[in-house]
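The chains referred to below are lettered A, B, ... by the order of the sequence lines, with proteins before strands, and numbering in each begins at 1.
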Number of protein chains: 2
Amino acid sequence: MDKRVGVLGGGQLGAMLVEAANQLRIPVNVLDVGHSSAKQVSSIGTHVEGSFKDRDAIKQLAAISDVVTVEIEHVDTGILEEISGTVDVQPSWKTIRTIQDKYAQKEYLHEHGVATAKSVPLGTASVEDLEKASSILGLPLMLKSRREAYDGRGNYPVKTKEDFKHALEALGGNKSLYAEKWANFRMELAVMVVKTKDGVLSFPTTETVHENSICKLTYTPARSVSDAINRKAQDLARKAVACFQGKGVFGVEMFLLEDDTLLVNEIAPRPHNSGHYTIEACRVSQYEAHLSAILDLPLRQEDLELREPAVMLNILGGEAKDSHLQIAEAALEDRWLKVHLYGKGQARKGRKMGHITTKANPRNPTPQPNSPQSRQNPS
Amino acid sequence: MDKRVGVLGGGQLGAMLVEAANQLRIPVNVLDVGHSSAKQVSSIGTHVEGSFKDRDAIKQLAAISDVVTVEIEHVDTGILEEISGTVDVQPSWKTIRTIQDKYAQKEYLHEHGVATAKSVPLGTASVEDLEKASSILGLPLMLKSRREAYDGRGNYPVKTKEDFKHALEALGGNKSLYAEKWANFRMELAVMVVKTKDGVLSFPTTETVHENSICKLTYTPARSVSDAINRKAQDLARKAVACFQGKGVFGVEMFLLEDDTLLVNEIAPRPHNSGHYTIEACRVSQYEAHLSAILDLPLRQEDLELREPAVMLNILGGEAKDSHLQIAEAALEDRWLKVHLYGKGQARKGRKMGHITTKANPRNPTPQPNSPQSRQNPS
């Protein structure tokens with residue numbers, strides 16, 4: 001418990017990691033610019049000022065940490081490889097390198113027998129190469145950036161050949177694209193997986209609901225999903241994470257297709273939005289689990305089980321400067337709702353400013369929700 | 001939620017208050033010396049360096065805060081009275097002034113019809129005046145310091161006349177003493193009470209177990225206590241707090257006598273050790289409740305109800321420098337146990353270094369505990 005943790009990135013995921021570490025006074029050095037969310041909740045004198053992409057800043061972080069981890073995968077894995085000679089990097093830089101390139105990630109999963117949507121890399125960001133990909137995958141397809149994509153940025157649905165040019169333009173002349181076979185999913189599921197020194201554990205299966213490609217809600221357990229699918233999702237998620245090196249939590253996002261097939265959509269090598277609910281609903285949160293994994297603290301499968309059904313709602317930046325604060329204040333009217341604000345300063349529209357988790361009231365159980373509407377399109 | 005809170009004192013109670021505030025990014029300025037526990041979990045740039053007894057430091061805190069509160073009652077209420085002209089002080093300085101003098105507190109409670117152990121002030125700290133008190137109260141009696149007492153310091157059991165001299169010596173020539181009628185309690189109970197702008201709410205009744213006059217364990221609900229006593233304890237605690245001015249949480253410690261009579265032992269005008277369990281076991285913790293009360297955020301009686309039975313164990317400094325860390329590490333083997341460490345640096349023997357809370361495992365209920373052993377002596 002006296003090992004010093006260094007985190008690349010100081011957003012809300014880093015902040016909640018620090019909050020979990022605070023309980024045990026595990027020292028966490030945060031690398032980020034300015035008074036970022038994670039730095040706000042710790043006055044340790046050794047935070048590092050700078051971008052989590054800055055090579056020198058990362059070296060500085062490594063020099064004062066025993067274990068270096070990430071709250072974001074869009075980092076320079078070259079420098080992580082370099083520092084891994086002198087400091088423990090978790091998960092492995094190799095894992096982060098593979099995962100941060102979404103096409104390489106899919107290929108890697110495919111090689112390891114993990115079901116994913118068929119994907120084809122584009123040699124160049126040209127109509128010609130997109131044409132080739134579409135002849136293999138058919139239409140519609142999803143055109144995606146291989147790197148630096150999050151919250152739906154870097155994804156573009158291509159429905160007909162008429163969309164080719166616009167899709168390439170929309171992805172900003174990005175040279176590094178791939179095309180993915182359209183997944184007719186009826187639901188999106190996610191499982192937080194924990195890779196420890198001893199094995200691969202998993203949190204419950206969660207249903208994620210996206211709006212404008214941003215996670216809006218999660219339901220745990222997933223609504224109207226059979227035990228069999230639940231187990232299949234757990235198995236697939238654990239299998240997917242098992243093939244990567246290193247320790248820590250991983251967010252595994254999956255598509256549940258109309259025929260009940262499950263495909264891995266993508267993996268995050270870090271705590272994930274779909275695991276926020278664990279703070280209130282599980283014995284050990286995804287953040288405590290991540291710390292436990294990278295610091296070799298005891299952790300068992302039973303520690304990750306769901307204690308109470310939970311719904312998580314993201315608080316996004318809205319039309320007004322203080323829309324998110326208005327939501328938070330309204331939520332405080334019902335103290336079953338646990339409000340988390342991230343202290344991220346200016347609220348851009350769609351920016352994740354906080355979240356709300358509610359657990360089922362055991363004295364006043366809510367009626368069983370209806371089956372979710374079938375959603376034909378990734379949105 | 002944008003009001004700035006100033007806290008006199010930066011120990012573990014202040015730290016857990018800050019942790020609760022962090023969730024909503026409520027800005028909390030801490031006044032204490034050095035890198036105290038509460039300052040560790042917040043990098044707000046406006047903490048104040050100095051003793052929470054320092055007049056100038058308190059004025060400095062007031063100048064940058066909208067509401068000033070305390071995590072300890074041993075403060076200079078003169079200066080609180082002075083600043084209350086320009087800043088909201090919660091609870092009222094009058095309340096803190098009455099409560100910090102334990103004899104004045106008892107007298108005040110008695111005047112307001114709240115049952116307490118009969119108490120007699122000593123004119124001087126002399127055998128003669130103790131003799132007078134004992135002729136009123138009988139023997140045994142408890143000799144107590146009126147001020148600055150905590151964790152049993154400042155209490156001395158006087159069993160026979162032969163103890164008089166030693167008792168007075170043991171309390172260090174303290175000029176300000178009082179004698180209290182011996183309470184033959186069979187159990188100690190505590191209730192955290194919340195005084196809001198609208199009313200007086202209460203958390204569940206907790207059983208506290210002391211060892212060497214320091215709180216060792218709490219059980220919530222109290223073991224083998226009837227519903228009637230439970231309700232009586234709640235009513236007494238609410239009645240006791242209702243007679244004080246101001247808002248915030250109050251810890252009410254009570255004796256349950258052999259004949260089921262309840263007496264208020266003492267009141268703390270702040271979060272209290274006997275309410276730590278609320279972090280894990282109630283919808284709203286005592287710390288969130290305190291913030292809610294002093295900031296007029298919504299709070300209802302149902303928010304304070306017990307969700308799951310809980311046991312809290314204090315981690316005290318022990319024989320070895322790292323005894324408390326050994327306990328914490330051992331506790332991590334069972335992740336049902338939630339470990340809190342306070343980052344208080346050097347562990348003196350008996351110093352509160354952390355605590356552990358466990359909730360009942362709903363899938364594996366523990367057998368009903370036996371009736372607690374009858375305890376004849378306050379220990």
Side-chain angles (χ1 to χ4, degrees), chain A residues 1-2 15-16 18-19 21-27 30 35 37-45 47 279-280 282-284 288-289 292 295 297-300 302-305 307-308 322 325 328-344 353-354 359 361-364, chain B residues 1-2 15-16 18-19 21-27 30 35 37-45 47 279-280 282-284 288-289 292 295 297-300 302-305 307-308 322 325 328-344 353-354 359 361-364:
Chain A
M1 282 178 341
D2 51 356
M16 289 182 269
V18 170
E19 286 178 318
N22 281 345
Q23 300 272 307
L24 293 172
R25 289 298 193 275
I26 293 168
V30 175
H35 199 227
S37 188
K39 288 183 181 174
Q40 291 167 23
V41 292
S42 156
S43 66
I44 195 169
H47 292 313
I279 295 175
E280 282 85 10
C282 299
R283 207 189 310 175
V284 167
E288 293 171 76
S292 299
L295 296 173
L297 301 175
L299 197 67
R300 298 176 188 87
E302 68 194 52
D303 300 331
L304 311 185
E305 281 168 20
R307 305 204 64 207
E308 293 175 88
D322 66 342
L325 297 177
E329 271 181 36
L332 285 178
E333 288 291 333
D334 178 355
R335 302 306 288 263
W336 277 109
L337 308 175
K338 299 312 279 187
V339 180
H340 299 252
L341 290 174
Y342 305 149
K344 281 165 86 173
M353 303 304 288
K359 292 190 288 185
N361 182 340
R363 280 187 299 275
N364 180 25
Chain B
M1 281 178 344
D2 52 355
M16 289 182 268
V18 170
E19 286 177 319
N22 282 345
Q23 301 271 308
L24 294 171
R25 290 300 193 276
I26 293 168
V30 175
H35 198 227
S37 188
K39 288 183 182 174
Q40 292 167 23
V41 292
S42 155
S43 65
I44 195 169
H47 292 312
I279 295 175
E280 283 85 10
C282 298
R283 207 188 311 176
V284 168
E288 293 171 76
S292 299
L295 295 173
L297 300 176
L299 197 67
R300 297 176 190 87
E302 68 196 51
D303 300 330
L304 311 185
E305 280 167 21
R307 306 203 67 205
E308 293 175 87
D322 67 342
L325 297 177
E329 271 180 38
L332 285 177
E333 288 291 333
D334 178 354
R335 303 305 289 262
W336 278 108
L337 307 176
K338 299 311 279 187
V339 180
H340 299 252
L341 289 175
Y342 304 150
K344 282 165 87 175
M353 302 305 288
K359 294 191 287 186
N361 182 339
R363 279 186 299 274
N364 179 25

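Proximity to chain A (any heavy atom under 4.5 Å) is shown, for B:N22, by both the backbone and the side chain. When heavy atoms are compared at a cutoff of 4.5 Å, B:H35 approaches chain A solely by way of its side chain, counted from C-beta outward.
Comparing B:H47, B:E288, B:Q40, B:E329 by heavy-atom pairs within less than 4.5 Å of chain A, the highest count is held by B:Q40. Note on B:S292, B:A328, B:S42: by heavy-atom pairs under 4.5 Å with chain A, the leading option is B:S42.
Taking a cutoff of 4.0 Å between a charged side-chain nitrogen and a carboxylate oxygen, B:E280 and A:R283 do not qualify as a salt bridge. Salt-bridge check for B:E302 with A:R335: failed, with every basic side-chain N at 4.0 Å or more from each acidic carboxylate O.
Residues B:K39 and A:S43 approach most closely at O-OG, 2.7 Å, considering heavy atoms. The two residues A:R25 and B:V41 come nearest to each other via the heavy atoms NH1-CG1, 3.8 Å.
Using a 4.5 Å cut-off on side-chain heavy atoms (C-beta onward), B:L325 and A:D2 make no contact. By the 4.5 Å heavy-atom criterion applied to side chains, A:I26 and B:L341 are not counted as neighbours.
Side-chain atoms of B:R300 come within 3.5 Å of backbone atoms of A:E333 as a donor-acceptor pair (strictly under, hydrogens ignored).
Tested against A:Q23, the residues B:K338, B:E19, B:M16 include a single side-chain contact (heavy atoms from CB on, under 4.5 Å) partner, B:E19.
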